[in-house]
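Chain letters run A, B, ... following the sequence lines, proteins first and then strands; every chain starts at 1. Quick caveat, the model's predicted, so the values are computed rather than measured.
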There are 4 protein chains.
Amino acid sequence: MDSPQSKHTAAVSGNGDDSGVSDSPKAQAILDASLALFAEKGYDGTAVPLIAEKAGVGAGTIYRYFESKEVLVNILYRRWRTVFRDALLADVPADAPPREVFTMLWNRMADFQREHPQAYAFLEFYNHTYLNEENIALTESIVDFLAGFLRRGQDHGVFRKVPPGMLIFMVLGAFVGLVRAESAGRLELTAEAIRESEEICWRAIT
Amino acid sequence: MDSPQSKHTAAVSGNGDDSGVSDSPKAQAILDASLALFAEKGYDGTAVPLIAEKAGVGAGTIYRYFESKEVLVNILYRRWRTVFRDALLADVPADAPPREVFTMLWNRMADFQREHPQAYAFLEFYNHTYLNEENIALTESIVDFLAGFLRRGQDHGVFRKVPPGMLIFMVLGAFVGLVRAESAGRLELTAEAIRESEEICWRAIT
Amino acid sequence: MDSPQSKHTAAVSGNGDDSGVSDSPKAQAILDASLALFAEKGYDGTAVPLIAEKAGVGAGTIYRYFESKEVLVNILYRRWRTVFRDALLADVPADAPPREVFTMLWNRMADFQREHPQAYAFLEFYNHTYLNEENIALTESIVDFLAGFLRRGQDHGVFRKVPPGMLIFMVLGAFVGLVRAESAGRLELTAEAIRESEEICWRAIT
Amino acid sequence: MDSPQSKHTAAVSGNGDDSGVSDSPKAQAILDASLALFAEKGYDGTAVPLIAEKAGVGAGTIYRYFESKEVLVNILYRRWRTVFRDALLADVPADAPPREVFTMLWNRMADFQREHPQAYAFLEFYNHTYLNEENIALTESIVDFLAGFLRRGQDHGVFRKVPPGMLIFMVLGAFVGLVRAESAGRLELTAEAIRESEEICWRAIT
DNA sequence: CATGAATGAGTTTTCATTCAT
DNA sequence: TATGAATGAAAACTCATTCAT
């Protein structure tokens, strides 16, 4: 229901394969169950047998596919962060007007959240204290890409002359806020809401 | 060092007492240790004996002051959410210009985060799956207050005509983003950065 | 490389067949892998899937040839204890001078250890808590044979008049000690060392 | 029943204390239970909850005193190897006649085995694959001491001119054999048997 | 009051054995 | 016949909670 389809495109440096993770249906069921539970209860709040039960496999089976719970969560994170990165950054037109690019990025983020709400919650609602270096680098690479976009826009006088990280994290944070608002029942993330919030953020950073 | 001093003010409906939690130095040490550990490792990632050690008390002592770990974290949450609420909302002048009020709110939020970074991280970096009804209501009351402020501003044509929850959660989320940006080493939250980000958010919501 | 060739000789009561154990190459590979692993890590320290991997067969295959791990180790023990017995006792000349017989036994033991170091380690370095009655009897039969030899020598005034078991176990134990000394790097078991140690033991028991 | 009394004497370099192992009755009960079970079933054949049950403590209690099963077995080994070393080597008269010294050593070894049969079985009946460097060094230090004794005797023409390690390991191995003979019901280790076997070994090495 | 040693239920992980292919 | 993926029972280990002191 909520598994990455790996529509790899080359916008950002990518590791072409999925580095040793079996794509068997069991492995996939385990990853799916983990995603749902980690999104809901967090990593430390989720017991491995619970994952097994939800995945419909024996507890031991998880360890046939993943060395440990920590390796599992890192693979899950890498998969989804990669999907997120690709969904967000693939084929961003280098020479399009900043306004168009921004709209594209915002809509893609919203699409990702709508299509993969558990993945979005898993990625954004928690402090990932267990991330390995690869995943830290992967996450930073996304910010780096966005920082490049912003810096070029700043050079053209489009974006405010503040540290790009400020704008990036504020915008990403604002979107997390939107999703939380919906969770809190304060908002429905309709197409209209996405459009309005996009305009709000554009106003913010220009 | 980082404990709420309960400078109660009447801006928001408050429960006058602290609901049965002793204010003994031991209880305080336990709450302080919990805050530091929950902020760093999360609720499920923190063992009670570790709290005891950091608090300099016996493990059993924790259970003299708090029925259970879950009760403890709810009390901790309530205390800090209350401090946050009071720090943010106390004596907000009802008739001041929206721009001034917004600046005040932004600066108060920044002050709170600077003075109590652990409390801020505890409150905002995690999904609080264990919150009791009281704490849920307390959290919502803050949003309700802000929603009133926004709605009045909207009525005067100052703020965008979108669901107030959208603006509130986006602004709060943007500030969380700023703090994360600092954690990620992408930003220093200087006075200038606070001023700039405030302006950005003001532009966003108007 | 290290598998018993079943050169059955009739020195000691032998069960003529190999009691239901197939002699297929797979069964042999499993026995060889088991021997290497049990010698190195002990019975309880060796996982069945590891045996399978080392044998180059599937884990399930082991159970086609052996009912259980315990049955496997008993078969392995029987095979090697039998080889040991045959290598030690086959065609011992009944009427040769005790000194010659002793030298022959000592050299045969050394030959066995040199040719099958893993088998020797498996047989002698561990407490075999899992042995079935057949294997216990098999092991005792070797001691019984040696006891007969010693008793005859005692009757001729060649060996010390002490319980034969004392001499047998001391000599066998001394040889185990020699092998351990080599493992510990305190000794090289050269032909000369074998000769010297033989003389030492001969002196001991006469 | 079978716990080291630490009658420290200074014959061999010793670490004066017991390096961080609590001497509480619980820790002692755990060590005693471990000794009995490891002696009977080996390290890998003994489950921690079984140790707990035999010790009359909860399973978790073991981990209050010992970091892990491996640390536990190393501490147990160190304790008993130290007791063995002290029992064997304390105050060995440097200038006594070799024969007297040998008798003393032999009797001390027999005394240790008689007084602490489980400890002797634990120390000598198994391959200790888990030993840390400290314990390896400790074990070697005993052999080194004995090697010095033998080398001096060889210089005086008392002992055979073979590598001292050969004599040491043969004698120690012979004694292990005696104990196994008794286990096998082939022998009773009476005072007379000890005396006779001592003479046998003396004959062997001279 | 305060403790911290003790615990057993629960955690992560392993492994002998099975069974669908 | 051979497999190796799958498993659940049991292993090692952790931790929220209790209770004797």
Item to check | Atom pair distance, as rounded to whole Å: CD1 in B:Ile51 and P in E:dG4 | outcome: 16 Å

Checklist outcome for this item: salt bridge (charged side-chain N to carboxylate O under 4.0 Å, His left out) filter on C:Arg64, not counting sequence neighbours, yields none

Next on the checklist: Please check this pair: side chain of D:Asp44 against backbone of C:Tyr43, looking for a donor-acceptor N/O pair closer than 3.5 Å.
Outcome noted: no

Checklist outcome for this item: Base-paired stretches in DNA chain E with three or more consecutive Watson-Crick or G-U pairs, both distances under 3.5 Å, amount to E:2-21 with F:2-21

Checklist entry - What integer distance in Å separates A:Leu50:CG from F:dG8:P? => result 16 Å

Checklist entry - Nearest-Å distance, CZ (B:Phe66) to P (E:dA2)? => result 12 Å

Checklist entry - How does each nucleotide of nucleotides 13-18 of chain E score, in 5' to 3' order, for protein heavy atoms under 4.0 Å: base (B), sugar-phosphate only (S), or none (-)? => result BB-BBB

Checklist outcome for this item: Atom OH of A:Tyr65 and atom P of E:dT12 are separated, to the nearest Å, by 20 Å

Next on the checklist: Could you tell me if the side chain of C:Leu31 sits less than 4.5 Å from the side chain of C:Gln28, heavy atoms only?
Outcome noted: yes

Checklist entry - Looking only at side-chain N and O atoms, does B:Arg64 come under 4.0 Å of OP1 or OP2 in E:dA2? => result no

Item to check | Flag, side chain of C:Asn135 to backbone of C:Asn74, donor-acceptor distance under 3.5 Å | outcome: yes

Checklist entry - Closest to the D:Lys26 side chain: E:dA2, F:dT1, E:dT7? => result E:dT7

Checklist entry - Between the side chain of D:Lys69 and the main-chain N/O of D:Thr46, is any donor-acceptor distance below 3.5 Å? => result yes

Checklist entry - Does C:Tyr126 reach the main-chain N or O of C:Ala39 with its side chain, forming a donor-acceptor pair under 3.5 Å? => result yes

Checklist entry - How are the rings of B:Tyr120 and B:Phe84 set to each other: parallel, tilted or perpendicular (split at 30° and 60°)? => result tilted

Checklist entry - For the pair made of CD1 in B:Ile62 and C1' in E:dT3, what is the distance, rounded to whole Å? => result 12 Å

Checklist entry - Would you say the side chain of C:Phe38 lies within less than 4.5 Å of the side chain of C:Ile51, judging by non-hydrogen atoms? => result yes

Next on the checklist: Less than 4.5 Å apart, side chain to side chain, heavy atoms only: is that true for B:Phe122 and B:Val73?
Outcome noted: yes

Next on the checklist: If you assign each of C:Val57 and A:Gly56 to its closest nucleotide in DNA chain F, which residue comes earlier from the 5' end?
Outcome noted: C:Val57

